[in-house]
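Please read the structure below before turning to the comments.
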Amino acid sequence: MQHLIDTDDLTDIQIGAILEDAKRFKASQTNPIALLRDKLLFTLFFENSTRTRSSFEVAAKKLGAAVVHLDPSKSSVNKGETIEDTFANLGAMQPDGIIIRHSANEIPAQLASMQIAPVINAGAGNYAHPTQSLLDLFTIQEHFGTLKGKNIAIVGDIANSRVASSAMALLPRMGIRISLVAPQPFMPQSTTHECYEHIEDVIDKVDVIMSLRAQLERHQKPIFEDYATYAKHYCITPERISDRDIMIMHPGPVMRNIDISDEVLSDPRCKVLTQVTNGVYVRMAILKLLLLDR
Ligand code: CP
């Protein structure tokens with residue numbers, strides 16, 4: 001039974017197959033609707049989501065799979081049922097996969113270890129968001145035609161970001177060099193990547209900036225007085241990127257004029273919505289791999 005808890009569950013060959021299949025799905029004008037006909041997926045999101053949940057659902061439906069969404073706030077978890085029992089009961093309906101998001105780092109792996117149904121991690125705590133890092137990888141490859149030798153700066157609240165965590169695991173494995181840009185308290189406790197405090201220190205060395213959502217509310221001790229002070233240092237603005245040939249990414253949700261300015265969000269160098277479009281094709285490829293090619 002293959003699970004996807006983080007990208008280290010995938011071989012290089014499987015990652016290559018995901019990138020190829022996603023490219024093929026995107027290029028194709030028709031949906032390969034028959035591919036996952038008769039397959040059943042559950043989505044189980046204990047945290048809010050706009051992109052990941054709907055993207056998985058669109059991807060599954062394009063492939064002909066049935067998707068059932070269980071809203072945890074209306075489920076029997078609220079009557080005291082444990083998450084393991086909830087998972088076991090969904091498993092008893094014999095789905096082909098359960099897509100789960102949870103605020104606790106260990107939950108997807110814990111449920112996967114029950115070996116009841118394949119688990120796809122749709123975001124766990126600050127630990128991992130593997131399908132986001134795969135769609136980011138695809139978007140970088142699509143833009144540049146290659147991955148090897150590209151330089152990316154991850155900017156913002158890196159310590160609290162599951163997107164950054166999965167990117168730091170996957171992108172270097174594919175030949176991309178990462179620099180981290182953040183105030184010291186936003187940096188991971190230990191890292192092998194080059195760390196910078198200011199965007200200006202790294203902007204001329206990178207092909208891509210991945211901005212992250214400022215999550216000031218997660219910090220017990222305030223690092224900045226408010227979001228405006230944070231933005232003064234870390235918002236991606238036209239002045240900061242100037243006329244550089246640079247690609248701007250963000251996993252969403254974007255905090256406008258805090259993470260990225262309105263002007264940059266409308267700039268053709270900003271690929272935030274391309275990431276969302278690509279997310280559907282990459283998740284189609286992931287579902288094909290896990291449900292069909294396993
Ligand atoms: N990128 C991402 O995980 O967005 P959502 O929280 O909207 O799913």
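The basis for the numbers below is simple: all heavy atoms, side chains too, and nothing from hydrogens, waters or symmetry mates. The structure displayed is predicted, hence computed values, not measured ones. In each ligand, atom 1 is the first atom listed, and ligand 1 is the first ligand listed.
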Side-chain donor-acceptor contact under 3.5 Å, Glu81 with Thr86:
yes
Ion pair Arg173/Asp12, N-O distance below 4.0 Å:
yes
Does CG in Asn78 sit with more than 12 non-hydrogen atoms of other residues, nucleotides or ligands closer than 6.0 Å?
yes
Can you name the salt bridge (charged side-chain N to carboxylate O under 4.0 Å, His left out) partners of Glu142, sequence neighbours left out?
Lys26
Please check if the side chain of Gln14 supplies one atom and the backbone of Thr11 the other of a donor-acceptor pair under 3.5 Å.
yes
Whether the Asp9 and Gln2 side chains hold a donor-acceptor pair (N or O, under 3.5 Å, no angle test) is what I'd like checked.
no
Once you restrict both partners to nitrogen or oxygen, which atoms of ligand 1 have a protein partner under 3.5 Å, and how far apart are they?
| unit_1 | atom_1 | unit_2 | atom_2 | d |
| --- | --- | --- | --- | --- |
| ligand 1 | 1 (N) | Gln132 | OE1 | 3.0 |
| ligand 1 | 1 (N) | Pro251 | O | 2.8 |
| ligand 1 | 3 (O) | Thr52 | OG1 | 3.0 |
| ligand 1 | 3 (O) | Arg101 | NH2 | 2.9 |
| ligand 1 | 3 (O) | His129 | NE2 | 2.9 |
| ligand 1 | 4 (O) | Arg51 | NE | 3.0 |
| ligand 1 | 6 (O) | Arg101 | NH1 | 2.9 |
| ligand 1 | 7 (O) | Thr50 | N | 2.8 |
| ligand 1 | 7 (O) | Arg51 | N | 2.9 |
| ligand 1 | 7 (O) | Arg51 | NE | 3.1 |
| ligand 1 | 7 (O) | Arg51 | NH2 | 3.0 |
| ligand 1 | 8 (O) | Ser49 | OG | 2.6 |
| ligand 1 | 8 (O) | Thr52 | N | 2.9 |
| ligand 1 | 8 (O) | Thr52 | OG1 | 2.7 |
| ligand 1 | 8 (O) | Arg101 | NH1 | 3.4 |
| ligand 1 | 8 (O) | Arg101 | NH2 | 3.2 |

